[in-house]
2 protein chains.
Amino acid sequence: MSLSARSTSEQLPSAHDRVYRTLRTRIMHGEIAPGEALTLRGIGREFDVSMTPAREAVRRLVAEGALFLSSSGRVSTPELSNERIEELAALRALLEVELSSRALPRAHMALIDRLQTINATVAEMVSKRDAVGYIRTNLEFHRTLYLRAQAPAMLAMAETVWLQLGPTMRALYGRLRRTEPPHNHKLIIAALKAGDEPGLRLAVRSDVTQGLKLLVA
Amino acid sequence: MSLSARSTSEQLPSAHDRVYRTLRTRIMHGEIAPGEALTLRGIGREFDVSMTPAREAVRRLVAEGALFLSSSGRVSTPELSNERIEELAALRALLEVELSSRALPRAHMALIDRLQTINATVAEMVSKRDAVGYIRTNLEFHRTLYLRAQAPAMLAMAETVWLQLGPTMRALYGRLRRTEPPHNHKLIIAALKAGDEPGLRLAVRSDVTQGLKLLVA
DNA sequence: GAGCGCCTTTTGTGATCACAAGAGGGCATG
DNA sequence: CATGCCCTCTTGTGATCACAAAAGGCGCTC
């Protein structure tokens, strides 16, 4: 509680960064419901820091669209309108189709193997009805593929979209009761194996837009 | 200097927001050179606020990629690598082609007139060799068109890319010595008039990528 | 004359405080 | 019993302070 109570002499990653990263992960993985309120003092209490780092972390998340700031300054996770959800889905399609396209020529067998492993975990999460686990491993599947695109700015932008959709995705996957493993992921892997770019683009676009179309309907 | 020295009883837009908006505009319009350093106390002094709002504004701009944060916490405008510039140009192409495409069916004569007026100002800035004025009016041209797309999230993302390219654009347009008015803008207007979507997409893509290709070369 | 180390100053980080505004509940009144 | 008002407590904002680290300059030494 004192000023320099930090005993870990390791690479202290600056308090606000720790708070930021933890909250960001929580939001992206859908661990917070849409419209849920957060308070600076509450965050400070949870992470054992003062309001200052909590404020910086919240500001940053607001800037990324992960949190909503009311006119009176209260912060909460956003409740997205259908228009906004459709737009974010279109952005996912735009960005992720391009990323997958760029990753294709660099996708070797080791990557495809890793994707298949991750995909097995995705299927497991689906069968367990673990919404957060599903979202987390699903995003890991996509990120693993897109990392091969060697396009960090584009990947960062895609992750920002994921972040904005986080709470909504949780609401979506909690609502729709699927137990079948993701079909589009298999199409993506097959297209990667075949070096089939049009097929890959189509599969990614379908995978990215399918779930959100259901939510809007 | 005192606590509540705010005499303007208007809609006080919260100090950090005023600082944020001013700095953001400056950066986007290329008024700050790449690599230029900023200090929290310096910002506070300029805007007559304490470090707290200055910090929040800077944090927000860092989150948007408009400012670079060194490992020791010093902030400066980013000096972009060629790879990053190419990536951001690709993002501009991706997002703005889509935005223009969505704006096309809603583009009526009043909009085209406005674009032509703005374009005349762009040409004037070019002939005056006013780099900042050129960047500002050029972005106004694009924003005016994209506003018609009714896609706020997508437009916000495009503006984030502009923001990241701000200081670099200034360096670019200061370096290349053109005096001819923008040809691609005329192609964009012509395609809008003709309702020619493929032509519009091509013209926007060319306009967005041409300048940055020169910088990289 | 050149290189190196120490010291001062600048700067970012985080904590704490004073203040204003808004929200929510409890109590009194009709 | 319902409704409205007031009070209190919570919450965000901005200022200020203490501290640590990094940077830059200056002088000393070889």
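Labels below follow one simple rule: chain letters A, B, ... track the order of the sequence lines, proteins then strands, and each chain is numbered from 1. What's counted below: heavy atoms across the whole structure, side chains too, no hydrogens, waters or symmetry copies. Being a predicted model, the structure only gives us computed values, none of them experimental.
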When rounded to whole Å, the CE to P distance for the pair Met51(A) and dT16(D) reads 17 Å

Does Leu38(B) reach a base, just sugar-phosphate, or nothing at all? Heavy atoms under 4.0 Å. sugar-phosphate

- request: Go through Met157(B) and Val161(A) one step at a time and tell me if the side chain to side chain contact (heavy atoms under 4.5 Å, CB included) criterion holds.
  value: CA-CA 10 Å; Met157(B) 213 141 253; Val161(A) 180; 4.0 Å; yes

Checklist entry - Is any side-chain N or O of Arg41(A) under 3.5 Å from a base N or O of dG12(D), one able to act as donor and the other as acceptor? => result yes

Can you find a side-chain donor-acceptor pair between Glu56(B) and Tyr20(B) that sits under 3.5 Å? no

Arg59(B) atom CZ is separated from dG12(C) atom P, nearest whole Å, by 10 Å

Inset, instruction - Mark yes or no for a side-chain to base donor-acceptor pair under 3.5 Å between Arg55(B) and dG14(C), with no hydrogen or angle criteria applied. - result: yes

The residue among Arg148(A), Gln150(A), Arg143(A), His142(A) that forms side-chain contact (heavy atoms from CB on, under 4.5 Å) with Tyr146(A) is His142(A)

Polar side-chain contact Thr52(A)-dA15(C) base: donor and acceptor under 3.5 Å:
yes

Scan Thr39(A) against the nucleic acid and name what it touches under 4.0 Å (heavy atoms): base, sugar-phosphate only, or nothing.
sugar-phosphate

(message) OP1 or OP2 of dA15(C) versus the side-chain N and O atoms of Ser50(A): is any pair under 4.0 Å?
(response) yes

Under 4.0 Å: is that the gap between some side-chain N or O of His16(A) and OP1 or OP2 of dT13(C)?
no

Rounded to whole Å, CZ of Arg74(A) lies from P of dG22(C) at a distance of 9 Å

Side-chain atoms of Val75(A) come closest, of dG12(D), dA15(D), dT13(D), to dG12(D)

Arg45(B) atom CZ is separated from dT16(D) atom C1', nearest whole Å, by 16 Å

Taken to the nearest whole Å, CD1/Ile43(B) to P/dA15(D) is 14 Å

Do we see a donor-acceptor contact under 3.5 Å between the side chains of Arg201(A) and Ser101(A)? yes

